[in-house]
Participant: 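A single structure is presented below for examination.
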Amino acid sequence: MKPFVLKILTPERTAFDGAVERLTVTDTKGLVSVLSGHAPMVSMLAPGPLQIVLPGGAMGRGMAAGGILHVTRKETAVLIDSFEWEEDSKDMPRSGNSET
């Protein structure tokens, strides 16, 4: 799959900024998955799980508070009140250059 740029932003920090192959979040109507080339959209997010798949297949999971999903042709942003990686995802790179 072709990767796209994803930013996961909270008021306190950038939880992730890098390339992913897939993003799955919970909006007010259920689960939404975003792949490269997704149509531009804005959606209200409900509290719930967030999952990313990195190029190469590594997966990261976390819990997100409510917020906004903003998909453009250039990048995708998840703007949320708070976000915590699950224990098995604590070592996920937080940026495209693998810094935490």
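We number each residue from 1, following the sequence as shown.
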Participant: I need the R22 CZ to L6 CG distance, nearest 0.5 Å.
Facilitator: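 R22 atom CZ to L6 atom CG measures 12.5 Å (nearest 0.5 Å).
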
Participant: Atom CZ of R61 and atom CG of L50: how far apart are they, to the nearest 0.5 Å?
Facilitator: 11.5 Å

Participant: V78 and side chain to side chain contact (heavy atoms under 4.5 Å, CB included): which partner among L9, I52, L23?
Facilitator: L23

Participant: If you round to the nearest 0.5 Å, how far is CG of L35 from NZ of K2?
Facilitator: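 So the NZ of K2 and the CG of L35 are separated by 12.5 Å.
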
Participant: Less than 4.5 Å apart, side chain to side chain, heavy atoms only: is that true for T76 and V20?
Facilitator: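 Heavy-atom side-chain distance check fails, nothing below 4.5 Å.
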
Participant: Hey, could you give me the OG1/NE2 distance between T72 and H38, rounded to the nearest 0.5 Å?
Facilitator: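 That separation rounds to 12.0 Å.
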
Participant: Are I80 and W85 connected into the same hydrophobic cluster when the rule is that any two of I, L, V, M, F, W, Y join if their side-chain heavy atoms are below 4.5 Å apart?
Facilitator: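 Hydrophobic grouping puts W85 with I80.
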
Participant: Let me check something: do V71 and V42 share a hydrophobic cluster, defined by ILVMFWY side-chain heavy atoms less than 4.5 Å apart, either directly or through other members?
Facilitator: no

Participant: What verdict does the side chain to side chain contact (heavy atoms under 4.5 Å, CB included) test give for D27 and L69, after you've listed the backbone C-alpha separation in whole Å, the side-chain angles of each residue and the deciding distance to 0.1 Å?
Facilitator: CA-CA 8 Å; D27 75 1; L69 170 66; over 6 Å; no

Participant: When rounded to the nearest 0.5 angstrom, what distance separates CG in D17 from CD in E75?
Facilitator: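 It is 7.5 Å, given to the nearest 0.5 Å.
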
Participant: Of all the heavy-atom pairs spanning P55 and P3, show the shortest one and how long it is.
Facilitator: CG-CB, 3.9 Å

Participant: Identify the heavy atoms of E84 and R13 that sit nearest to each other, and give their distance.
Facilitator: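 Closest heavy-atom pair between E84 and R13: OE2-NH2, 3.8 Å.
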
Participant: With sequence neighbours excluded, tell me which residues meet ring pair (Phe, Tyr, Trp, His ring centres under 6.0 Å) with F4.
Facilitator: none

Participant: If two hydrophobic side chains count as joined below 4.5 Å and joins carry through other members, does V5 share a cluster with L54?
Facilitator: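 Cluster IDs for V5 and L54 differ.
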
Participant: What are the two closest heavy atoms between A15 and F83, and how far apart are they?
Facilitator: CB-CD2, 3.7 Å

Participant: With sequence neighbours left out, what residues match T24 under side-chain hydrogen bond (donor to acceptor under 3.5 Å, both in side chains)?
Facilitator: S33

Participant: Nearest 0.5 Å please: distance from the CD1 atom of I68 over to the CG atom of L45.
Facilitator: 8.0 Å

